Structures are given as structure tokens and as C-alpha cells.
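One structure is given here, and the rest of the page talks about it.
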Amino acid sequence: MPNTIHIKAFGMVAEKIGTTELVMDHYQDSEALLDALLVKFPALKTIKFSLAINKKLISNKQEIPENAEIALLPPFSGG
Amino acid sequence: MPNTIHIKAFGMVAEKIGTTELVMDHYQDSEALLDALLVKFPALKTIKFSLAINKKLISNKQEIPENAEIALLPPFSGG
Amino acid sequence: MEKERKPKNIFVQGSISPETIAKSIANHSTKTDIGGHSIFLGQVRADEKPEGKVLAIDYSAYEEMALEKAFEIREAIFAKYPLTCMHIYHSLGEVKVGELCLFVFTSSKHRKAAMDACDELVERIKAELPVWGKEILDTDNHVWKVNV
Amino acid sequence: MEKERKPKNIFVQGSISPETIAKSIANHSTKTDIGGHSIFLGQVRADEKPEGKVLAIDYSAYEEMALEKAFEIREAIFAKYPLTCMHIYHSLGEVKVGELCLFVFTSSKHRKAAMDACDELVERIKAELPVWGKEILDTDNHVWKVNV
């Protein structure tokens with residue numbers, strides 16, 4: 001299924017948006033996706049989280065490859 | 001028994017002098033005792049060791065109390 | 001020697017038992033070039049929060065990413081310190097107060113490498129692995145654990 | 001809390017078993033203010049010396065002085081770090097290659113204190129306790145261990 005993005009959500013993010021997995025239309029880059037997510041889930045504005053594209057954390061704006069696996073990661077608290 | 005010193009020897013020191021315990025006449029201070037020990041056991045000249053008086057390591061010349069327990073301690077190698 | 005060049009699983013379901021740790025230690029008795037082992041264990045604390053008292057932590061992880069990251073950390077630590085062995089175990093699911101949730105184990109010829117590597121591993125695991133702890137409270141509430 | 005104010009024995013005859021370690025870890029599950037344990041284990045290495053290969057180390061100690069010193073170190077480390085628990089076990093007599101001769105165990109609310117205290121304890125134990133290791137070689141010779 002082209003032109004979609006698979007998104008996984010974890011921890012407090014999953015709790016806020018009420019799901020651990022969702023599929024969204026494809027966005028060109030991480031900033032556009034973030035904007036769309038904040039519109040779709042305003043609750044995300046109240047918490048801290050990072051984006052991973054294909055299992056790599058990103059810090060700046062980045063292109064989103066086709067069929068990328070995106071993850072929404074709240075601050076880590078393992079150990 | 002006054003005017004004697006009880007000496008314990010450990011590790012390589014005990015090996016060099018061939019005993020783990022000995023009793024010697026009392027000496028006024030640690031330097032005098034050390035001199036006497038090196039005369040009695042010339043093999044001690046070839047190894048490194050420290051003196052403890054009543055279970056405390058000494059580094060400088062020190063008085064030897066009556067009935068003190070002296071120990072001859074080669075470099076520690078525990079653990 | 002366990003310098004495998006592929007990610008290995010670090011996750012265990014539920015708490016880590018003292019017997020698991022004993023077995024892991026015993027497994028190293030045949031490695032007679034080891035002089036020192038350093039072990040860190042994480043234990044779940046009965047913290048008092050404004051929202052209630054912690055009874056357990058429920059751990060979840062982005063497993064695939066965590067295993068990739070753990071492998072990357074493992075390789076970096078092996079490159080930095082002269083280690084003989086390195087083992088990492090982290091709990092998933094519920095771990096009760098007083099139980100163990102993290103087991104980090106390093107071994108080397110001389111003690112310093114094992115100790116320094118263990119410290120660094122623990123710091124990196126806490127900071128870099130996508131793992132989350134949900135603290136279950138005695139009030140039926142929960143709070144999300146925050147690493148400091 | 002184990003802040004006893006008198007020397008306790010740290011010596012065990014022969015090697016320290018992994019089961020002893022597991023039991024000691026398990027004993028801490030009721031202390032629910034503990035968040036981290038740090039453990040150091042010394043293991044006897046099969047070193048190759050010019051005089052032969054090490055088969056075992058035969059440990060001896062000036063026990064009374066060692067226990068006084070261990071107590072002094074223990075008190076100093078408790079004063080310096082916010083620890084919940086501290087345990088020290090050192091072997092006396094023969095410990096074979098691959099077996100454990102030293103077990104140092106510290107616990108604290110937050111990991112850093114346990115880790116730093118454990119490192120410092122190990123250094124001080126090796127430097128300050130009147131304990132000696134006689135390395136038994138496969139040539140029927142022996143050499144006296146030297147700590148570096």
C-alpha cells in the first residue's frame with residue numbers, strides 16, 4: 001500500500017492518542033507529519049515525545065521514505 | 001611476660017624467615033626492632049615489607065608499647 | 001568469548017530471578033582468563049508519589065529498535081574496553097516492588113575494564129533504549145516513570 | 001539497614017559460590033527503598049607465569065587487623081555515600097582457577113551511590129586489607145600474587 005505511513009505509539013503517547021498503531025497518509029517530511037499529528041491528536045501538544053524513522057531517532061526535519069515505519073517515543077525510562 | 005615482643009609474620013615474610021610467630025626481646029622503637037630483625041633474618045633484606053604495631057601500619061619510627069603485637073606484612077595482594 | 005556480530009535478545013518476561021543471575025555467574029567459571037566481574041541490578045522501588053505508592057512497574061519497549069540500539073551500544077563498549085564478556089537483560093511486563101528489572105554483567109581480565117564498562121552500559125541503557133516503565137500505584141492509578 | 005557499629009566477619013573458607021551470591025541478592029527483595037545494586041566479583045585467573053601456570057590461589061590474612069580495617073573502610077564508605085546496604089566477602093584458603101574469591105555488594109536508592117561505593121570499596125580492599133594470595137602453579141612451585 002503506497003503513500004501511507006505506519007505509525008507506532010508507545011508509553012504515554014499511546015495513552016494520549018488511545019492507540020498503539022495507526023496508518024496515515026504519506027507526508028513528505030517529519031515536520032509536515034508532526035503538524036498533521038498535532039492537528040489529529042491535540043493531546044500530543046501537552047507531552048514530550050520524539051520521532052523515529054525506521055528505528056532511528058531523528059532530531060531535525062527529515063525526509064520520510066516510502067513505507068517508512070514511524071514511531072512516537074516519549075522520554076525513555078528503562079532500567 | 002614483660003620485656004618481650006610478640007611478632008607475627010605473614011605471606012612471603014613468613015616464608016623467608018621460616019616461621020609465622022616469634023617472640024623477641026623488647027626494643028624501644030620500631031627502628032631498633034627492624035635493625036635486630038635484619039640481623040637475625042638477613043633474608044628480610046631482599047624483600048619489601050611493612051610493620052604493624054597493635055594492628056596499625058606504621059610508616060615512621062615509632063615507640064613500641066609493652067607487650068605489643070608486632071606484625072611483618074609483605075605487600076597486600078587480596079582480592 | 002561472546003563477541004557475536006548480531007543483535008541478541010535482551011528482554012525477559014517479568015522479573016529477573018536471583019537464580020538466573022547465579023547461573024549466569026556460574027557459566028563464567030570455565031573462562032579462566034577472567035579476573036573480575038562487574039554486575040549492576042536494577043530493583044523496583046516502592047516510591048511514594050503524590051498519586052499513590054508504587055506497587056509494580058509495567059515495562060514496555062519498542063523491541064526491534066531497542067535490540068538494534070542495544071547491539072550498537074554493545075559493539076561500542078566492546079570496542080572501547082578490553083572485555084571478555086557482556087550480558088544485558090531487561091524486563092518486559094510487570095515487575096513487582098523488590099524484584100529485579102535490569103541485569104548488566106561485564107567481565108574482563110583486570111577489574112577496571114569490567115567496572116567502567118558496566119557503569120557506562122547502565123547509563124547508556126537508561127538513556128538510549130526505547131523502553132518505558134509504567135508505575136502501577138496502590139490507588140489504581142499509574143504514572144509514567146521518569147529517568148533522572 | 002545494616003549499619004552495624006561493630007566489625008563483622010568478611011572471611012569465608014574456600015571459594016564463594018554463585019548460590020551464596022543469589023541468596024544475598026534475594027535477601028534484599030524486602031528492602032523496597034533500594035533501586036540499584038552494584039556487585040563486584042573477583043575470579044581466580046589461570047595466569048601463565050615464567051615459573052608455571054596458576055592452578056589456584058591460597059589466601060591468608062592477618063585476620064584481626066583485616067577485620068578492623070574492613071570495618072574502618074565500611075564506616076568511611078557509609079559516611080561518604082547514601083547506601084542502604086554493604087556486604088564484603090573474601091576467601092581464605094584455596095580458591096581454584098575460575099572460582100570466586102571476592103564478593104563486594106552495595107545497594108542504594110539511586111544507582112550512582114551503589115556504583116561509586118562499590119568501585120571505591122574494591123580499590124580500598126585490594127590496597128588496604130592485610131591479605132595475601134599465594135599462587136599455586138602446575139610446576140609444584142608457587143609465586144606470591146602482586147596487586148597492580
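Every chain is numbered from 1, with letters handed out A, B, ... down the list of sequences. In this text, all values refer to a predicted model and were calculated from it rather than measured experimentally.
More than 12 heavy atoms of other residues, nucleotides or ligands shown are found within 6.0 angstrom of NZ on C/K145. Atom NZ of C/K126 has more than 12 heavy atoms from other residues, nucleotides or ligands within 6.0 Å.
The backbone N or O of A/G79 lies less than 3.5 Å from a partner atom in the side chain of C/H90, making a donor-acceptor pair.
Residue A/A52 touches chain C through its side chain alone, counting heavy-atom pairs closer than 4.5 Å. Heavy-atom distances place the side chain of C/E72, and not its backbone, under 4.5 Å from chain A. Interface residue C/E64: backbone and side-chain heavy atoms are both found under 4.5 Å from chain A. For C/A66, no part lies under 4.5 angstrom from a heavy atom of chain A.
Note: A/P74 leads A/P74, A/P75, A/A14, A/S50 in heavy-atom pairs under 4.5 Å with chain C. With respect to chain C, the highest number of heavy-atom pairs below 4.5 Å among A/E15, A/K8, A/K56, A/E69 belongs to A/E15. Counting heavy-atom pairs closer than 4.5 Å to chain A, the top-ranked of the candidates C/K69, C/E128, C/K134 is C/E128. Ranked by heavy-atom pairs under 4.5 Å with chain A, the list C/N147, C/L102, C/I125 is led by C/N147.
The two residues C/M65 and A/K55 have their closest heavy-atom pair at CG-O, 3.3 Å. Pairing each heavy atom of C/W132 with each of A/S77, the nearest pair is CA-OG, 3.5 Å.
Atoms OH and OG1, from C/Y62 and A/T20 in turn, are 12.5 Å apart once rounded to the nearest 0.5 Å.
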